[in-house]
Structure formats: C-alpha cells, structure tokens
Amino acid sequence: LRQADYLSPKYHVVVANPPYMGKKGMDKSLASWGKQNYPSTFYDTFSMFIERCLELGVNNGLTSMVTMQSWMFIASFETFREDLLNRHGIATLVQIGFNSFPELNSKLAIACAFVLTRSSTSAMGDYINLNDASRSADKEAVFLTKLKMHDIYRVAKEEFFRVPGTPIAFSASENVRRAFSDNQRLSDIAEPRQGLATTDNGRFTRSWWEVSNHNICFNAANREEAAASELRWFPFNKGGGFRKWYGNNEFIVDWSSDGREIKKTICEKYPYLNGNPDFVAKNPTKYLNPGITWGAVSLELSVRWDDEGFIPSNAGMKIYHDDENTRLAVLAYLNSTAVKVFAATLSETLNFDQGILARMPFTLELAKVRGVSKTLIEHAKSDWDSSEISWDFSTCGLLEYGKSELKNAYAEFVQKSNGFVDDVQKRETENNRIVLEQFELQNEIPSEISRERVTLSCNASYRYGAEKSESELEALLLADTMR
C-alpha cells in the first residue's frame, strides 16, 4: 500500500533514467504483464517507462528522459509514436546519435534526450541534431556550438504524420515530406520481402569455393527446377559490404530437396510453429526468382541486381517485380543520393529491413532511368567477374592486353580501370540528377558522387579508402593485382 501511495500522486515534472531490457530478455510473467498493460511500448522496459512517466504527470506537466533513439523510428513503436503525438507533445528533443556515452567506449550506443508535454494542444517543438557530426565527436561540445549558433529545427508535431510510419524525422525538409505524401510507396509497385533464416549458418551455408561446382546449381529458375537438379547447394544472398549495382555473390545454402533439412531443423528448434517453417523460412514461393537485393544491416544502403537462381536471407533481403524494366528503374532509384536522405528520414538505425524500403516514395515516372541502370549493372558485373572471388571468373585481366612485358600490361590495365571508374561516376551522377529532379530535390541534395563511392574493385579509392595518399593507393592496387 505504501508503494501504491508513492506512485499515485501526480507531478508537474517527471525525470527518469529508465532501465533497459528487450522483450527477448524478459521472463514470461514480465513479458505478459507488459503486453497487457503497455501494448504499444512493451518491446523494451525503457519504452514502458516513457509511457509510465507520462502517466505520472499532471495535465501540461513535463517528462524528461535520456533513452535509446530507437523509439523515434522503428516500426515496433509506430503505434506509440502516433499515440504520443495525438495525446501529448514533444517540447524539445536532442538526437545525440553515435557516441552518446563515450565512457562506455561504444560508438553504437545511440541515444536521444527529450522533454515531453502531457498536452494534446498543437505546438511547435524544438529539435537539435547532433547525429550529423562525426561518430567520434564530443557531443557535448557539438550541442553547445549548435545552441550558440541557433542551429535548431522548429517543427509542428502534425508534420511527422506526413511520412509513413510517423518517424520523428524533424530534420526532413518540406520537399522531402512532400515526396512521401505526394507519391506512391515502393510497396505499391514492387514487393520487398524477407528471406530465409537457416537458424544454423555454420551447418547450412558455405562460401561457394568450399564446395565442388558439380554440386552447386547456379541458375535454377524456380523451385521445381531446383528440385529436379538433385543438387544440394544454391546461391544465397547474405548482404555483404557497401557495393552497388552487382556483386557480393559469395555464399551458397543447402537447399536440397526444397530445403528439407533446414525446414526440419526449424520445426525441431521452434516447436510452437506446429510444423510450419514459413515463419522462419519466409516467403519461400519467391525463392530463386530474379530481383534486387540489399544488406539488411549496414551503415548505408546499397542495392544490387540479382539474376534468377538466388535464395534471399534475413540478412540479404530482396525486392521482386515480374517486369525487368521496372526492376531496373527500382534499382537505379534505390542507389541514388535521394534515397540516402529518404532512408535517414524513415530510420536512423543500422537496420534496413523490408519495411523501410516498402515505405520509400516511388513513381513510375522514374522508368526513364532504366537505361542508366542497365549499363551500370554491366560495368559492375564485369568488375566483379574480373576477380577470382566470382564464380564467373575466367581469366586474369592482365592477360587481355597481350603485352610482352608485364609492366606494360599493368599500365594499360590501370588506364582502362581509371576510364571505367570515370564512366561509372559520370553515369551515377546522371542517375542522381534524374531522380532528384523528379522529387524536386536538386537544390537540396548533390547529384555528384565522390570517386571513393564508385563501388568497383578496380577503383583503389573505394577498395582501400580515400584517406590514403595517391602513392599508397597505387602501391596497394599494384600488389593486389600482381598476386
């Protein structure tokens, strides 16, 4: 009764440092209690505490906290954000971002500090973005500088509803918000989908060079062809590093007999599925279809063309559409500089799940970029296949030049590679220009890309990092080419 008495009063100001525990870490009783009492925030104890602290306040009272920023963006908290904005308000918010807690020596502890108002009255909120500073920056110093310079966003809470999912995207410009509100979503045109979680990658996946080619089916067009091949291993999308247009094709998965062993393992590991593995081996009817793939966990989105024969994963998801020209347009759009801004508006986490891509603004007016896309795929594929890491590798590129002296062949190789990089840089810039103009963002987002962002292996700036000197880059490329 004494504890109840302590919790019953209402306060003008509530300040709290909440505990953290994700739903997976809760025991059954806590998870059940949280879901029953805080259905929009039970995913973590910190978010339930936000809701509870608001309950402790008087009308027009204030709640101040520092928490992880995930509630601002991820889909699990969409209902909470809508409820917060409809019934309450955000007076101030500082998005601290990377390096929020330097004493923890963790660049990935990504937090925000905020003051919420217990009032449904429409009002402007003040927001400061520290996440646009370098990841290792002293965020206190950045905050004081921005405060002194009045680098503050003033946003009415109604503006957040214009973007699908209601993310607290306070730094989005009017044109970015209009791009979302005035266009279709990508999911209205194509199908972003999750793929297979094997539950045991050590057992069921390999690098393709670990297995005899005679036991790999590289080009099954559908599940029937895969079964008829009687082969065990099939190409597997697992995401990979930042690379656009084509590549990162390194892994295979055991999908013999339509994934019999994987499905059996899933059902044994998760008996509550009642013999249905599709909750873990998601969207199996889409497996082996051509599409567009991307890495679900990454600092930055990069999207690649996928021919038929690949099985997507929970880490290397896939977008489907029956028409090749539409897929080409979607690929070019998703690799544009505009989408980097759209992605940051929807979520500033490290996860690019299918829901984020599904909510991207899109229009079929972008069909005009498919020609650019096709050429860039060809260039990226040629670059990928020039390395022994590709299963389509045929011969060392230096041998193509027919020179009697190796140094002359290498000089010609470097000259051709530089021209190759220049051409891709030019075409990507043109692609960016077309997409930006479609969404009237050409005055806000640059169309030009720097050389290190041309994701070709023959591009030393991308391969080794632009921070190295020209002589260091040349030496590294020479050494790796001659190996």
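The figures here come from the full heavy-atom set of this structure, side chains too, leaving out hydrogens, waters and symmetry mates.
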Quick check, are the ring centers of [X] and [Y] under 6.0 angstrom apart?
X	Y	answer
Tyr127	Phe160	yes
Trp255	Phe204	no
Phe439	Phe342	yes

Can you name the residues that form a ring-ring contact (aromatic ring centres under 6.0 Å, His included) with [X], not counting sequence neighbours?
X	result
Phe420	His379
Phe46	Tyr20
Tyr320	none
Tyr464	none

Is the number of heavy atoms from other residues, nucleotides or ligands within 6.0 Å of [atom1] ([X]) greater than 12?
X	atom1	value
Glu210	CD	yes
Glu467	CD	yes
Glu444	CD	yes
Phe279	CZ	no

Under a 4.0 Å N-O cut-off, is there an ion pair linking [X] with [Y]?
X	Y	value
Glu428	Lys244	yes
Asp307	Lys381	no
Glu55	Arg52	yes
Lys282	Asp278	no
Lys23	Asp44	no
Arg162	Glu174	yes

Which atoms form the tightest heavy-atom contact between [X] and [Y], and what is the distance?
X	Y	answer
Cys53	Thr63	O-OG1, 3.4 Å
Ala169	Arg177	O-NH2, 3.2 Å
Gly202	Arg206	O-NH1, 3.1 Å

Under the side chain to side chain contact (heavy atoms under 4.5 Å, CB included) rule, collect the residues that match up with [X], sequence neighbours excluded.
X	value
Ser134	Ser136, Ala137
Glu250	Trp209, Trp384, Ile389
Ala220	Cys217, Glu225, Ala226, Phe234, Leu288

Euclidean distance, [Y] [atom2] relative to [X] [atom1], rounded to 0.5 Å:
X	Y	atom1	atom2	answer
Asp353	Met317	CG	CE	5.5 Å
Ile110	Gln95	CD1	CD	9.0 Å
Leu301	Leu357	CG	CG	5.5 Å
Leu93	Gln69	CG	CD	9.0 Å
Ser390	Asn249	OG	CG	7.5 Å
Glu308	Asn289	CD	CG	8.5 Å

| field | Non-neighbouring partners of Lys238 that pass side-chain hydrogen bond (donor to acceptor under 3.5 Å, both in side chains), sequence neighbours left out | value |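 For Lys238 there are no side-chain hydrogen bond (donor to acceptor under 3.5 Å, both in side chains) partners, ignoring immediate neighbours.
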| task | Please identify each residue that fulfils side-chain hydrogen bond (donor to acceptor under 3.5 Å, both in side chains) with Arg81, with sequence neighbours left out. | result |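 Arg81: no side-chain hydrogen bond (donor to acceptor under 3.5 Å, both in side chains) contacts found.
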Name the atoms and distances for all side-chain donor-acceptor pairs under 3.5 Å in residues 72-80, with sequence neighbours left out.
none

| task | Using the six-membered ring wherever Trp is involved, compare the ring planes of Phe114 and Trp71 and label them parallel, tilted or perpendicular (cut-offs 30° and 60°). | result |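 Phe114 and Trp71: perpendicular rings.
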| query | Which residue pairs pass the salt bridge (Lys or Arg N to Asp or Glu O under 4.0 Å) test when at least one of the two sits in residues 261-271, sequence neighbours left out? | reply |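 For residues 261-271: Arg203-Glu261, Asp258-Lys263.
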| said: Going by salt bridge (Lys or Arg N to Asp or Glu O under 4.0 Å), name the pairs with one or both residues in residues 321-330, residues two or more places apart or in two chains. | reply: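 Residue pairs with at least one partner in residues 321-330: there are none.
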| Hey, which of Trp245, Trp294, Tyr246 is the one that makes side-chain contact (heavy atoms from CB on, under 4.5 Å) with Leu331? |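 Exactly one option meets the side-chain contact (heavy atoms from CB on, under 4.5 Å) with Leu331, and it is Trp245.
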| Hey, are Gln442 and Glu437 close enough side-chain-wise for a donor-acceptor pair under 3.5 Å? |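 Side-chain D/A pair, Glu437 to Gln442: absent.
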| field | Residues Thr429 and Glu448: side-chain donor-acceptor under 3.5 angstrom | value |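 No.
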Taking [X] for its side chain and [Y] for its backbone only, find out whether a donor-acceptor pair lies under 3.5 Å.
X	Y	answer
Ser336	Asn432	no
Lys157	Gly89	no
Asp27	Leu30	yes
Thr45	Met21	yes

| Can you check side chain to side chain donor-acceptor pair (under 3.5 Å) on Asn335 and Asn431, steps first, answer last? | CA-CA 9 Å; Asn335 276 330; Asn431 177 63; over 6 Å; no
